[in-house]
Amino acid sequence: MITCFIRYHIDPTKKSQFIRYAENWGEAIPRCGADLIGYFAPHEGSNTLAYGVYNIENLAAYEQYRARLAADPVGRENYEFAQSEKFILREDRTFLKLASHPPGGKPGER
């Protein structure tokens with residue numbers, strides 16, 4: 001299992017648009033095959049950083065998931081919404097593997 005962390009730099013005057021975008025992913029991402037942990041909008045501190053986090057089996061599964069997401073009606077609409085509203089200024093993806101032991105478990109267990 002790997003975890004995808006997406007760091008967004010957003011226009012702070014368009015936080016409500018980012019929240020709508022995040023809510024839409026809450027429907028589409030699980031349907032397309034990833035385990036959504038959540039989207040996080042700015043609250044205190046930086047007003048330009050937001051995050052999306054989900055688990056996926058591996059990079060091959062990620063490629064299949066991205067294809068399903070691009071074909072999904074809500075996914076397509078959400079991509080178009082982000083393009084038209086221009087609230088995302090930058091987006092960075094990092095894939096990480098759990099390295100610590102959760103309480104009572106082994107690395108990678110939830």
Side-chain angles (χ1 to χ4, degrees):
M1 183 72 60
I2 57 175
T3 303
C4 179
F5 285 83
I6 308 169
R7 181 178 60 183
Y8 296 95
H9 293 261
I10 65 170
D11 179 335
T13 66
K14 296 182 177 183
K15 182 172 131 181
S16 63
Q17 286 93 327
F18 178 81
I19 291 170
R20 177 177 157 195
Y21 175 80
E23 289 169 347
N24 290 337
W25 286 137
E27 177 185 338
I29 288 174
R31 179 173 54 240
C32 291
D35 175 21
L36 180 65
I37 294 169
Y39 268 72
F40 302 86
H43 176 70
E44 190 68 32
S46 172
N47 64 352
T48 61
L49 290 178
Y51 297 88
V53 183
Y54 60 88
N55 291 318
I56 193 106
E57 187 178 345
N58 53 44
L59 290 175
Y62 170 75
E63 292 302 326
Q64 295 167 353
Y65 151 78
R66 292 285 291 183
R68 286 190 300 272
L69 199 59
D72 183 85
V74 173
R76 273 195 322 273
E77 288 175 19
N78 221 24
Y79 286 128
E80 292 168 8
F81 173 63
Q83 292 296 311
S84 68
E85 294 293 317
K86 299 185 183 335
F87 52 87
I88 298 173
L89 306 176
R90 181 176 166 184
E91 181 177 331
D92 301 305
R93 268 184 187 71
T94 300
F95 295 90
L96 301 173
K97 189 155 182 84
L98 183 63
S100 64
H101 291 277
K106 296 178 184 173
E109 290 182 348
R110 290 179 47 165

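Just so you know, these numbers come straight off a predicted model, no measurement behind them. The figures that follow rest on heavy atoms only: side chains count, while hydrogens, waters and symmetry mates do not.
Side chain to side chain, Tyr21 and Tyr39 fail the donor-acceptor criterion of an N or O pair below 3.5 Å.
No single ILVMFWY cluster, assembled from side-chain heavy atoms under 4.5 Å apart, contains both Leu59 and Ile37. When hydrophobic clusters are built by joining Ile, Leu, Val, Met, Phe, Trp and Tyr residues whose side-chain heavy atoms come closer than 4.5 Å, directly or via intermediates, Tyr65 is not grouped with Phe5. A single hydrophobic cluster is seen to contain both Phe95 and Ile6, as judged by linkage of ILVMFWY side chains at heavy-atom distances under 4.5 Å, directly or through other members.
Atom OH of Tyr62 and atom CG of Leu69 lie 9.0 Å apart (nearest 0.5 Å). Of the inter-residue distances, the one linking Glu85 atom CD with Ile10 atom CD1 reads 13.0 Å to the nearest 0.5 angstrom. Remark: Arg93 CZ to Arg7 CZ distance equals 13.0 Å, nearest 0.5 Å. Here Phe87 contributes atom CZ and Gln17 contributes atom CD; the two are 7.0 Å apart, rounded to the nearest 0.5 Å. To the nearest 0.5 angstrom, Glu57 atom CD is 7.0 Å from Met1 atom CE. For the atom pair CZ (Arg31) and CG (Leu36), the distance works out to 12.5 Å, reported to the nearest 0.5 Å.
Just one residue in the list Asn55, Ile56, Leu98, Leu96 forms a side chain to side chain contact (heavy atoms under 4.5 Å, CB included) with Ile2, and that residue is Ile56.
The side-chain hydrogen bond (donor to acceptor under 3.5 Å, both in side chains) pairs that include a residue from residues 73-84 are Asn24-Asn78, where partners are two or more places apart or lie in different chains.
Checked against side-chain hydrogen bond (donor to acceptor under 3.5 Å, both in side chains), Tyr54 has no partners two or more places apart in sequence or in another chain. Taking the side chain to side chain contact (heavy atoms under 4.5 Å, CB included) definition, one finds that Asn58 meets it with Ala60, Ala61, sequence neighbours left out.
For Tyr8 against Gly52, the heavy-atom pair with the smallest separation is CE1-N, 3.9 Å. The minimum heavy-atom distance linking Lys86 with Leu89 is given by the pair O-CD2, 4.2 Å.
A donor-acceptor contact shorter than 3.5 Å links the side chain of Arg68 to the backbone of Cys32. A donor-acceptor pair is defined here as one N or O able to donate and one able to accept, closer than 3.5 Å; such a pair exists between the side chain of Lys15 and the backbone of Pro42.
Looking at heavy atoms from C-beta onward, His9 lies in side-chain contact with Leu49 at the 4.5 angstrom threshold. By the 4.5 Å heavy-atom criterion applied to side chains, Asp11 and Phe18 are not counted as neighbours.
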